[in-house]
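The structure appears below as structure tokens.
Numbering of ligands and ligand atoms starts at 1, following listing order. Position 1 is the first residue of the sequence; numbering continues from there. Since this is a predicted model, take the numbers as computed values, not measurements.
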Amino acid sequence: MLGWYPGHMNKARRQILEALPEIDVVIEVLDARLPYSSANPMLAELTRHKPVLKVLSRADLADPERTREWVDFFDAQDDMRALAVTTTNARELKRIPKLCHDLAGQVRADRDVRVMVMGIPNVGKSTLINGLAGRTIAKTGNEPAVTKRQQRVRIGGRVALTDTPGVLWPKIEDQASAHRLATSGAIRDTAIDYVEVAVVAAAELARRYPEALKARYKLKTLPEYAPHPEAEQVESDGPARIDLLALAGFDGHAILTEIAGKRGGLRPGGEVDLHRGAEVLLHELRDGKLGRLTLETPADIPPEPTPEEESLPADQPT
Ligand SMILES: Nc1nc2c(ncn2[C@@H]2O[C@H](COP(=O)(O)OP(=O)(O)OP(=O)(O)O)[C@@H](O)[C@H]2O)c(=O)[nH]1
């Protein structure tokens with residue numbers, strides 16, 4: 001998966017930890033369509049005691065109402081502010097230096113505030129750095145971790161920005177997050193089957209944006225709740241998969257079959273081409289053809305395990 005072997009993950013973590021003592025404010029770039037799942041699972045721990053500005057990138061593709069919820073949610077946390085932007089539009093980045101100063105507080109009144117951008121691959125980090133600098137100083141690419149010697153660049157507004165972003169691995173241990181990341185196109189080479197990504201995406205859309213889904217594919221109704229056809233077979237895979245199928249209460253499989261029937265063409269023998277249907281749905285969703293969509297809300301954040309739960313041996317009855 002993405003070259004994020006434990007060795008790479010440790011290296012990325014170590015390089016971030018080495019850079020952090022010099023940094024006053026961390027900018028974490030998140031995808032506005034999935035601000036929980038596009039976060040690095042370790043970042044909160046790595047950046048403890050540092051103020052964080054959450055930049056919600058791709059706000060142009062996200063549901064504005066949900067984006068407001070997310071910004072309010074992050075703003076309510078200590079030492080944290082949030083700003084939703086279309087990162088490719090440099091004018092929308094103008095508030096960032098002031099927000100960094102607010103977060104850094106009075107302590108930094110004597111010198112530039114030192115800022116570093118971090119986030120998972122392809123989330124918009126380089127676009128943000130270049131937009132803030134007003135010229136190309138960060139290369140866009142897909143290199144895990146920090147790969148070259150970092151330099152600080154003054155970007156105006158008395159902010160000194162590290163020219164190289166910290167690249168961290170995505171949240172793929174959590175099944176629901178891995179599906180949403182795959183749905184958005186953030187991760188491509190996952191172990192998850194392409195059609196399965198689209199089945200769960202169809203179910204999520206039926207739950208969150210039924211009208212957009214019906215309008216785009218001219219579906220008169222969405223199927224009533226029906227168990228996923230493979231539910232029994234999948235149950236043995238463990239609890240995370242069962243949750244996803246429970247979420248497919250609208251029967252994502254039936255919806256995808258209908259989309260495939262209308263838009264995917266037929267395979268030899270008259271069979272509906274589900275793979276083609278999955279391509280249509282996922283490409284159109286990523287291109288914004290179904291409208292501005294957000295795949296999760298703050299209410300979807302799983303509760304933190306309590307210290308007692310964490311210390312329970314796996315097989316102990318609760
Ligand atoms: N629609 C839209 N596209 C964006 C936005 N921000 C970035 N992009 C696009 O997303 C793609 C990835 O952006 P990058 O800045 O290269 O992302 P990165 O996080 O630096 O990626 P890595 O170098 O792979 O870690 C580019 O094609 C950008 O043009 C945004 O706000 N809206």
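Under a 4.0 Å N-O distance rule, the pair E296/R208 does not qualify as a salt bridge. Using a 4.0 Å cut-off between charged nitrogen and carboxylate oxygen, K54 and D75 do not count as a salt-bridge pair. Salt-bridge check for D31 with R58: passed, with a basic side-chain N closer than 4.0 Å to an acidic carboxylate O. Between R68 and D72 there is no salt bridge, since no side-chain N of the basic residue sits under 4.0 Å from a carboxylate O of the acidic one.
Under the 4.5 Å side-chain criterion, counting only non-hydrogen atoms from C-beta, P298 is in contact with E69.
Distances below 4.0 Å separate heavy atoms of V123 from the following atoms of ligand 1: 17 (O), 18 (P), 19 (O). Atoms of ligand 1 found under 4.0 Å from any heavy atom of T87, numbered from 1 in the order shown, are 6 (N), 30 (C), 31 (O). Within the listing of ligand 1, atoms 25 (O) sit less than 4.0 angstrom from a heavy atom of P121. Applying the 4.0 Å criterion to heavy atoms of T127 picks out, from ligand 1, the atoms 7 (C), 13 (O), 14 (P), 15 (O), 28 (C).
When non-hydrogen atoms are compared, ligand 1 lies under 4.0 Å from the side chain of D60 (C-beta onward) but not from its backbone.
Geometrically, ligand 1 and L128 share no nitrogen or oxygen pair separated by less than 3.5 Å. Looking at ligand 1, you'll find an N or O of G124 within less than 3.5 Å of one of its N or O atoms.
Using a 4.0 angstrom heavy-atom cutoff, S57 counts as in contact with ligand 1.
At least one test fails for K262 against the ring of Y217: distance under 6.0 Å to the centre or angle within 45° of the axis.
With respect to D24, the salt bridge (Lys or Arg N to Asp or Glu O under 4.0 Å) criterion is satisfied by exactly one of K50, R114, R158, R111: R111.
The option from T86, T88, D31, N122 that lies nearest to atom 29 (O) of ligand 1, judged by heavy atoms, is T88.
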